[in-house]
2 protein chains.
Amino acid sequence: METRELRYFVAVAEELHFGRAARRLGIAQPPLSRAIAQLERRLGTVLLERDSRGVALTGSGHVLLREGRTVLAAVAAAEARTRRAGQPPGLVLAAKAGASTELLAALLDAYAARPDPVPVDLRLCRFGEQSRLLREGAVDAALLHLPFDTTEGLDSEELHTEGRVALLPAGHPLAARPALRLAELAALPHLPAPRFPRRDGSYPDGPGPEIRDTTQLSQLVALGRMHAVLPESARSQLRPGVAVVPVLDAPPVTTVLAWDPAARSRPLAGLVRTAVEVFGGGGPNGVVVDGS
Amino acid sequence: METRELRYFVAVAEELHFGRAARRLGIAQPPLSRAIAQLERRLGTVLLERDSRGVALTGSGHVLLREGRTVLAAVAAAEARTRRAGQPPGLVLAAKAGASTELLAALLDAYAARPDPVPVDLRLCRFGEQSRLLREGAVDAALLHLPFDTTEGLDSEELHTEGRVALLPAGHPLAARPALRLAELAALPHLPAPRFPRRDGSYPDGPGPEIRDTTQLSQLVALGRMHAVLPESARSQLRPGVAVVPVLDAPPVTTVLAWDPAARSRPLAGLVRTAVEVFGGGGPNGVVVDGS
DNA sequence: CGGGGGCGATACCCGGCGGGTATCGGTCTA
DNA sequence: TAGACCGATACCCGCCGGGTATCGCCCCCG
């Protein structure tokens, strides 16, 4: 099975329409039909049910869609990691823009003070993007925030755990309170919670605005369009017009440094070791040694 | 990047010799040279250092070898799982030949008594093979034995934990003892421990014989060529000429049922649920629902 | 010191396959 | 019932992956 065939199949399986899939792939429809038919012949399985007026996935089709996506992701990661291994040494670290600023500064300072530092490029991301970049091999390590991100399939090291605060428009009745509970915030009909992107980039349904980054977030709070519940460290990047009140019963947020478990780069090992030394933490969740 | 290119590169990287790699791939050497050169051009990286008289991997080459192997494994798994999803329903369960026999029987009986059973094919494996078959998508589930196998990247459910016994040639001085310690066994110069295959199928160095399956193992013990430390349940498949003595300080063996975390097949979910119900166990390590 | 052998790269050719356009057959809709 | 929509088929072309022959280089050996 060639990756080209997989790309074609995934496109059709996602569009459920040969014409659209072909357009998305930048080819004509007939070669696409032929390629899928050939793939089905080679696998000895029907992948798509064509009942004129549309296309549906068979059981095998569902399986191949899922497996094919992971294969294509692995291929993209392989390309990116190989390409970057050929570049002059240097680490790329992904972090959510406008979050964990002090922690990030402390980590980078401590790493730069090591005996053998390499240049560290910072890749500031929108919500949830770090995890994707890490899995795609576009970055060497990422600062993730549990429980929003997941470390599944990654090695990670816990750096810091903190409580949560509510961001409210200044002057809002609740803004004067010494502390809040989630239920009180949920009861505000005209001040909905924001909607954050899911793992695949789509947004859940609901009344709140769709959020991509922190500046957008604090602006919408200041404008009185929503409230938000963020980690305490969000205090450091406050803007006028936004009030902050601790939330007692929101689950705490843990900032972790995560990296590819298969990585064997010495600079990455240095960064991880620095993180362990600076932030103590609950012991490493994986090991890095030697190499490239 | 096409899987063909990856297969070619992995072959060259493993052989470190274009001619041999080409022979292994069943093509001539020049197209192989050209394909690798083209891959390097597309990635913008040198993968191999050719200094006449041989080939060596560069840093990027090492990375691509590692990544490429995982990609090719993922592709093989995708093909196998898709193909099997197209077959009439049925589960394939991998188990070590001659191990966990009673447990296996109990599991299969209980599953067959469910309201919605499908036929279960049993795939009896040599040591360590189950894990590979599972990861390759050739089977739906496997009985693994911790700490010999690893459940990394798999979902699993603990079924049973048991102590260890030593297998000794009947008539051996230690065979009459009520119990033993590992140190006593290690001190037997003419009765070495067997060597079991590693994850990649190779064997560690050492004095003992290389072991592939349990019949071979008990035969070698009976012939006085080695001793072995096995789970208690090995008693059930004893042969004449072999004595069994409990070992007090060997780490216990846990039998787990493992499966692909991404699997969504209803029959597999039924098998897992059966395992949970029959063996109680420490709660599931993953969830299975719905589908194909 | 010169020739031969081993190895990867290059040159060149051919056939198949991936891509294109044109068109068909079937079905739903206006 | 005509037309639109959609996937399959027919057919053609150019490129690329595969082949053979040969080169260039280096090492080794006589």
Side-chain angles (χ1 to χ4, degrees), chain A residues 1-62 64-65 68 71-72 75 79 86, chain B residues 1-62 64-65 68 71-72 75 79 86:
Chain A
M1 210 165 35
E2 293 302 311
T3 64
R4 184 181 50 82
E5 302 178 286
L6 272 183
R7 276 191 297 271
Y8 286 9
F9 173 74
V10 169
V12 176
E14 285 179 353
E15 300 284 348
L16 291 178
H17 190 291
F18 278 75
R20 278 196 302 275
R23 236 171 297 133
R24 177 173 135 188
L25 292 165
I27 65 172
Q29 171 258 319
L32 181 56
S33 286
R34 203 177 42 182
I36 300 290
Q38 178 178 329
L39 180 61
E40 288 179 316
R41 224 176 316 124
R42 278 218 274 260
L43 289 174
T45 316
V46 180
L47 299 169
L48 298 167
E49 215 62 71
R50 296 90 150 164
D51 67 332
S52 68
R53 216 63 172 194
V55 175
L57 286 171
T58 64
S60 316
H62 275 109
L64 188 59
L65 175 57
V71 166
L72 293 180
V75 169
E79 284 194 42
Chain B
M1 210 165 37
E2 293 302 312
T3 65
R4 185 181 50 82
E5 303 178 287
L6 272 183
R7 275 192 297 272
Y8 286 8
F9 173 75
V10 168
V12 176
E14 286 179 351
E15 300 284 348
L16 291 177
H17 189 291
F18 278 75
R20 277 198 301 275
R23 237 170 297 133
R24 177 173 134 187
L25 293 165
I27 64 172
Q29 169 259 319
L32 181 55
S33 286
R34 202 178 42 184
I36 301 291
Q38 178 178 330
L39 181 60
E40 288 179 315
R41 222 176 317 123
R42 278 217 275 258
L43 290 174
T45 316
V46 180
L47 298 169
L48 297 167
E49 215 63 70
R50 295 89 149 165
D51 66 334
S52 69
R53 218 66 176 190
V55 174
L57 286 171
T58 64
S60 316
H62 275 110
L64 187 59
L65 175 58
V71 166
L72 293 180
V75 169
E79 285 195 42

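Lettering follows sequence order; numbering is per chain, from 1.
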Asks: Once side-chain contact (heavy atoms from CB on, under 4.5 Å) is applied, do any residues pair with A:Ala28, and if so which ones, sequence neighbours excluded?
Replies: A:Pro30, A:Pro31
Asks: To the nearest Å, how far apart are A:Glu49 CD and D:dG7 P?
Replies: 14 Å
Asks: Which whole-number value in Å describes the distance from A:Arg7 CZ to C:dG18 C1'?
Replies: 13 Å
Asks: Please name all residues satisfying side-chain contact (heavy atoms from CB on, under 4.5 Å) with A:Arg20, sequence neighbours left out, ordered by chain then number.
Replies: A:Glu15, A:His17, A:Arg23
Asks: Measuring only between side-chain heavy atoms, which start at C-beta, is B:Leu39 closer than 4.5 Å to B:Leu64?
Replies: yes
Asks: To the nearest Å, how far apart are B:Leu48 CG and C:dA9 P?
Replies: 9 Å
Asks: So if I take every side-chain heavy atom of B:Phe18 and compare against D:dT9, C:dA9, C:dC7, which nucleotide ends up nearest?
Replies: C:dA9
Asks: C:dC17 C1' sits how many Å from A:Leu39 CG, rounded?
Replies: 16 Å
Asks: Within less than 4.0 Å of OP1 or OP2 of C:dG8, is there a side-chain N or O belonging to B:His17?
Replies: yes
Asks: If the sugar-phosphate is the primed atoms plus P, OP1 and OP2 and the base is the rest, what is the B/S/- string for nucleotides 12-19 of chain D, using protein heavy atoms under 4.0 Å?
Replies: -----BBB
Asks: Could you tell me the separation between the CD1 atom of B:Ile36 and the P atom of C:dC7, rounded to a whole number of Å?
Replies: 17 Å
Asks: Tell me the closest heavy-atom pair linking B:Ala13 and B:Leu65, and the distance in Å.
Replies: CB-CD1, 3.8 Å
Asks: Can you measure B:Glu2 atom CD to C:dG18 atom C1' for me and round it to whole angstrom units?
Replies: 12 Å
Asks: Examine D:dA8: is either OP1 or OP2 under 4.0 Å from a nitrogen or oxygen in the side chain of A:Ser33? Give yes or no.
Replies: yes
Asks: Answer whether the closest heavy-atom distance between the side chains of A:Thr58 and A:Glu40 falls below 4.5 Å.
Replies: no
Asks: Check whether any side-chain nitrogen or oxygen of A:Arg50 sits under 4.0 Å from OP1 or OP2 of D:dC6, and answer yes or no.
Replies: no
Asks: Is the shortest heavy-atom distance from the side chain of A:Met1 to the side chain of A:Leu6 under 4.5 Å?
Replies: yes
